[in-house]
Amino acid sequence: MKVDLRINGINRSAEVEPRKTLLDVLRENFLLNGTHAGCEHGVCGACTVLVDGEPVRSCLMFAVQADGYEITTIEGLAPAPGELSVIQDAFCETHGLQCGYCTPGMILAAHALLQNTLTPTREDIAEAISGNICRCTGYGQIIEAVQFAADRLRVANTPRPAALAEKPIVEAK
Amino acid sequence: MKPAPFDYVRPETLAEACALLAGDEDARVIAGGQTLVPMLAMRLARPAKLIDILRLPELAGIREEDGAVIVGATTRQAIAERDPVIRASVPMLARVLPWVGHPPTRNRGTVGGSIANADPSAEIPLVAVTLGAEILLATPDGPASMSSDDFFIGPMLTTIGQGECVRAIRFPVWPHKRIGTGFFEISARKSDFAFVAAAAQVALDDDGHCLEVALGVGGVGDRPLRLDVSQLNGTRLDAASISGAINAASGDIDAMSDLHASAAYRRRVAVTLGIRALEAARDNAAATQRKGAR
Ligand SMILES: Cc1cc2nc3c(=O)[nH]c(=O)nc-3n(C[C@@H](O)[C@H](O)[C@H](O)COP(=O)(O)OP(=O)(O)OC[C@H]3O[C@@H](n4cnc5c(N)ncnc54)[C@H](O)[C@@H]3O)c2cc1C
Ligand code: FES
Ligand code: FES
């Protein structure tokens, strides 16, 4: 069966068996190996991707079900090759990863959370990553990473008085 | 962990979906896939054909009419969780939804899929039975409906027949002004399937007397159970009345035993959580403003 997918802003198509999960199609057909395969039955969250901006388990969705949706994988988060998104960078800074197996899923779950709020409580963060298992960190540093990323994004989103004084504000028409 | 081969069809209309289901006994509906795909991956299920109903317009949407809120079968749990109509008019459903799996499973899993799956410890079927919801079906002969009491017949078993699917769930809206809910469950980790769950909804008059009460327990028997605590009507829901009513109502619960919990444990916890759920619902209702009719 032919499927047309939109992955990280690019239209792509592939000929796949209906039984092939979105996870396997991302990894095998499109070589997007950042999406990790863990349990392959919905328990661990390693395979998390964003579908229309919302975290979803790609092992619980067949690729043939996914056409027409906007799919974002971990490869789609960095602003440019060789760079890291603010959240990715925060995970490095706070030691939010050890082996890194759960990390793409954790970061995408955190990304979806911080798209909705930049002032998450500890409970909000715990809830957002509650479906993702980490066998290394004990979760403490992951929560810290998400808090740190939120702090940075909050500051970045506040226009600093100095910056405003330097650059004239361009009015939207 | 790879499913066996199957054909995949995404019909455009509900009639087409029913015809496909009626014509092939190895065909199966897929909605959110959050239960079915793991079963396929573990090869506990091997349907020859999957009929994808998730995008059928006839199964979508949430609307309030004639004293009930009708939730389309393919409404995703995450959408229902945030829906203002459900929050205002079926508060018990809003209360339990955060306990159904995790955010990513709620982003795909549907309300109708959970009902059709009929897991004895699932929260949405528990609400349906406790509030006396009606299950609206699509059959090859047209629309039909059934009470939740008749619909759920055992663990993962419903009366749904070949060629039929769940169209929507009709949750009754209570007419009273001061309504409160309470919900508790015991599970290994938050949002895992509950060993025991209890959900309560109560309505109070202006003086704090109980006007209407509903209590149900999940995970205890082979399907969700509604407990008859109507003797609480007219009381102030004081601790003695609550525990008396629950002890009377839970006497003949037929509890299951498995490797997670014994039948005796389940029965005991059902009573404890039932008391807590009713007390929480009472306090929740008492805290509501005495606002005008909604
Ligand atoms: C990690 C994890 C944790 C979970 N935790 C919980 C939990 O705590 N509580 C809980 O209740 N659930 C839990 N679930 C299951 C829940 O997420 C599912 O969403 C739900 O049980 C099924 O809904 P679905 O739309 O995904 O259905 P599907 O998986 O698509 O289908 C389930 C079954 O119902 C049938 N079906 C679906 N829709 C219809 C319809 N409209 N008419 C007729 N038949 C239909 C299918 O043929 C299939 O047999 C969990 C799942 C996972 C993966
Ligand atoms: S690989 Fe998808 S949840 Fe584990
Ligand atoms: S860093 Fe190893 S599983 Fe999370």
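The shown structure was predicted, so the numbers you read here are calculated from the model rather than taken from an experiment. Reminder, nothing fancy here: chain letters follow the sequence lines and each chain counts from 1.
Contact annotation for residues 26-34 of chain B against chain A (heavy-atom separation below 4.5 Å, listed by residue number): Ile30(B), Ala31(B), Gly32(B), Gly33(B), Gln34(B). Against chain A, the residues from residues 100-107 of chain B that qualify, each with a non-hydrogen atom under 4.5 angstrom away, are His102(B), Pro103(B), Pro104(B), Thr105(B), Arg106(B), Asn107(B) in number order.
Phe62(A) and Leu40(B) get closest at one heavy-atom pair: CZ-CD1, 3.7 Å.
For the set Gly68(A), Ser130(A), Gly42(A), the entry with the most heavy-atom pairs within less than 4.5 Å of chain B is Ser130(A). Counting heavy-atom pairs closer than 4.5 Å to chain B, the top residue among Arg19(A), Lys20(A), His41(A), Glu40(A) is Arg19(A). Between chain B and the residues Leu60(A), Ile129(A), Val56(A), the largest count of heavy-atom pairs under 4.5 Å involves Leu60(A). Ranked by heavy-atom pairs under 4.5 Å with chain A, the first of Pro5(B), Pro38(B), Ala41(B) is Pro5(B).
In this structure, Arg55(B) forms a cation-pi arrangement with Tyr69(A), its terminal cationic atom sitting closer than 6.0 Å to the ring centre and no more than 45° off the ring axis.
With a 4.5 angstrom heavy-atom cutoff, Met42(B) touches chain A only via side-chain atoms. Heavy atoms closer than 4.5 Å to chain B are found in the side chain of Asp24(A), but not in its backbone. If you measure heavy-atom distances from Ala78(B) to chain A, you find no contacts under 4.5 Å at all.
Leu54(B) CG to Met61(A) CE: the interatomic distance, rounded to the nearest 0.5 Å, is 8.0 Å.
Sparse packing is recorded around CZ of Arg122(A), with 12 or fewer heavy atoms of other residues, nucleotides or ligands lying under 6.0 Å away. Counted within 6.0 Å of CD on Glu12(B), heavy atoms from surrounding residues, nucleotides or ligands total 12 or fewer; the atom is thus considered open. Counting heavy atoms of neighbouring residues, nucleotides and ligands inside a 6.0 Å radius, atom CD of Glu93(A) exceeds 12 of them.
In this structure, Asp67(A) and Arg10(B) have side chains that are in contact, with non-hydrogen atoms separated by less than 4.5 Å.
Side-chain N or O atoms of Arg57(A) include none that pairs as donor or acceptor with a backbone N or O of Arg108(B) at under 3.5 Å.
We find that Glu17(A) and Lys2(B) are not joined by a salt bridge, their nearest charged nitrogen and carboxylate oxygen being 4.0 Å or further apart.
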